[in-house]
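Written out below as structure tokens is the structure these notes cover.
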Amino acid sequence: MTKVKTRFAPSPTGYLHIGGARTALFNWLFARHHGGKFVLRIEDTDLERSTRESVDAIFEGLGWLGLDWDEEPEYQSRRTDIYLDHIDRLLKEGKAYRCYCSKEELDEKRAQAMAEGRKPKYDGKCRERGDQPGNRPFTIRFKAPTTGVTAFDDMIKGRVSFENSELDDLIIARTDGSPTYNFVVVVDDATMGITHIIRGDDHLNNTPRQILLYEALTYTAPEFGHVPLILGEDKKRLSKRHGATSVTAYKDMGYLPHAMINYLARLGWSHGDQELFSIDELVKYFDSDQIGKSAGIFNPEKLLWLNAHYIKESSNDSLAELIRPIIEDGGQNLADGPDLASLIAILKDRVKTTTELAEMAKSYYLEDIEIDGAASTKFLTLETNEILKALASGMEMLAPFDENEVERFFKEFIAEKGLKMNKVGPAVRVALTGGTASPGIFEVIAILGKDKTVSRINRAIR
RNA sequence: GUCCCCAUCGUCUAGUCUGGCCCAGGACACCGCCCUUUCACGGCGGCGACGGGGGUUCAAAUCCCCCUGGGGACGCCA
């Protein structure tokens, strides 16, 4: 068997979106699983819409996800000569012809066909014309068979077949001489030695035309695998309307690449009941036979759950690396508070994104915290004033000031005063964190340190 | 409209190829209980699906047909 070579071929007209990312992932996984190569091809033949920024955004997205590629990326805009050669070949062999029909004429016929309930397709008007009116603009069309069947065995969908009579003579070169998509993909995939094409099933209808082109060009067609599309909640094709659809947007919102990879892999592919996969496991298990045939709906909640999971699994140090800049950008000086990694240790079970983690961590570096109004009225009362005072002065003497010692002190304190923990805990929590939700109170005190603890408690006394 | 593809809990899915082990399993979400000074985490439990109709068969979520529903394509875009 020849060595597997897959490709991801985005057109640089925007960012890397969720759907594209999954296609890239499947190609990457397939190549890695089979010990083959994964390459990139930038489909920038549409000069109007293609931008350098988009190319960078796509590279950035892939890089963030950890999808590395094996060769220098190809750019279609630099391969014009190759395409022109192939068009010439077809023309010389009589497998393509010049079409002088105008765009307007074509549009009109298309509209009419639709109106009459027919499938709009080129009527072959210029197919057999012998003359070549030199001064009129023309496109070049591929002369496709009008009878017979074009069928192929899709890796995902199984056998798919089309009547050739359904197909028409597609334009392979525009009036300005530039080659069109369906033609260049074939030339590219053939000349780049791509063995397996895994792409969205919106390309399923293009496949028979492309196969015909492979045949005309006497190239062997690769294997095709058409992955069902990812839909939005309204079951429509995922688009900007559905909110965040760019992978980098998720990076910015505090998602971990591993969570995104895991989520995307499981959307449309499965390995029994397993939900959580390391990258190595994905490479080990991934193959085309377990890819589902039906479209899936993008479910942000499951992604979020995976993110929370991988945050818990991440080391405190790696999370610290991620959120340190966010906290510092917020104006906080990390030297003014606890060791960030230690703080993360008590916080990370309570967040679903790293953004949230950073947000939560911030208050531990603040000199002055803002106390939630409702929490204050409920838990900071005249009665608690006395308790807090005594607590603060008591803790002032504490040494060492660690979690165990603090806990021992509290237990002793409430026993002495005949109090219950639920009388003291909430008040201290509100004083220290400004709210009613936080890690264990002893953990908070220990991590805050004596100075901040005492001063925050004193400040909370009314 | 025409062609192509698809159809299991709200969602992602296992099971379908190789019919019986499935009055359908897992996960997210949701609800409840437990753990707990709070919020989370975690543990336990609950809710919840084979789109409909015909066949084939001793037996169908699984095979066949029709219907319905959904998606995609129909560009001198990719």
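In the text below, chain A, chain B and the rest are named by the order of the sequence lines, each starting its count at 1.
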Would you classify A:R49 as touching base, sugar-phosphate or nothing, given that sugar-phosphate means primed atoms plus P, OP1 and OP2, and contacts are heavy atoms under 4.0 Å? base
Checking side-chain contact (heavy atoms from CB on, under 4.5 Å) against A:L391, which of A:I445, A:V424, A:I414 comes through? A:V424
P atoms of B:rC58 and B:rG15, separation to the nearest Å: 28 Å
Just checking A:E43: base, sugar-phosphate only, or nothing, at a heavy-atom cut-off of under 4.0 Å? sugar-phosphate
Please name all residues satisfying side chain to side chain donor-acceptor pair (under 3.5 Å) with A:E53, sequence neighbours left out, ordered by chain then number. none
Which part of the nucleic acid, if any, lies within reach of A:T45 when heavy atoms closer than 4.0 Å are counted: base, sugar-phosphate only, or nothing? sugar-phosphate
Is A:R350 side chain donor-acceptor paired with the B:rC41 base, going by distance under 3.5 Å alone? no
Spell out yes or no: do the side chain of A:D273 and the base of B:rG25 have one donor N/O and one acceptor N/O closer than 3.5 Å? yes
Describe, in one word, how the ring planes of A:F298 and A:Y250 are oriented to each other, choosing from parallel (under 30°), tilted (30 to 60°) and perpendicular (over 60°). perpendicular
Looking for any heavy atom pair under 4.0 Å, which part of the strands does A:S161 touch: base, sugar-phosphate only, or nothing? sugar-phosphate
By the 4.0 Å heavy-atom rule, please label A:K312 as base, sugar-phosphate, or nothing. sugar-phosphate
C1'-based separation of B:rU8 from B:rU16 [nearest Å]: 10 Å
Look at all strands and tell whether A:N206 reaches a base, only sugar-phosphate, or nothing, counting heavy atoms closer than 4.0 Å. base
Contacting residues from residues 434-446 of chain A, given that a heavy atom lies under 4.0 angstrom of RNA chain B: A:T436, A:A437, A:S438, A:P439, A:G440, A:I441, A:F442
Are there more than 12 heavy atoms of other residues, nucleotides or ligands under 6.0 Å from atom CD of A:E281? yes
Check whether any side-chain nitrogen or oxygen of A:R199 sits under 4.0 Å from OP1 or OP2 of B:rG72, and answer yes or no. no
Could you label the plane-to-plane angle of the A:F286 and A:F26 rings as parallel, tilted or perpendicular, counting under 30° as parallel and over 60° as perpendicular? tilted
Do the side chain of A:K302 and the base of B:rA27 come within less than 3.5 angstrom through a donor-acceptor pair of N or O atoms? yes
Is the closest basic N to carboxylate O distance between A:R159 and A:D154 below 4.0 Å? no
Which part of the nucleic acid, if any, lies within reach of A:K235 when heavy atoms closer than 4.0 Å are counted: base, sugar-phosphate only, or nothing? sugar-phosphate
Establish, with yes or no, whether the OP1 or OP2 oxygen of B:rC76 is under 4.0 angstrom from a side-chain nitrogen or oxygen of A:R98. no
Report yes or no: is there a donor-acceptor pair, N or O only, under 3.5 Å between the side chain of A:R266 and the base of B:rU13? no
Set of salt bridge (charged side-chain N to carboxylate O under 4.0 Å, His left out) partners for A:E223, sequence neighbours left out: none
Listed nucleotide nearest any side-chain atom of A:S11, set B:rA78, B:rG1, B:rG72: B:rA78
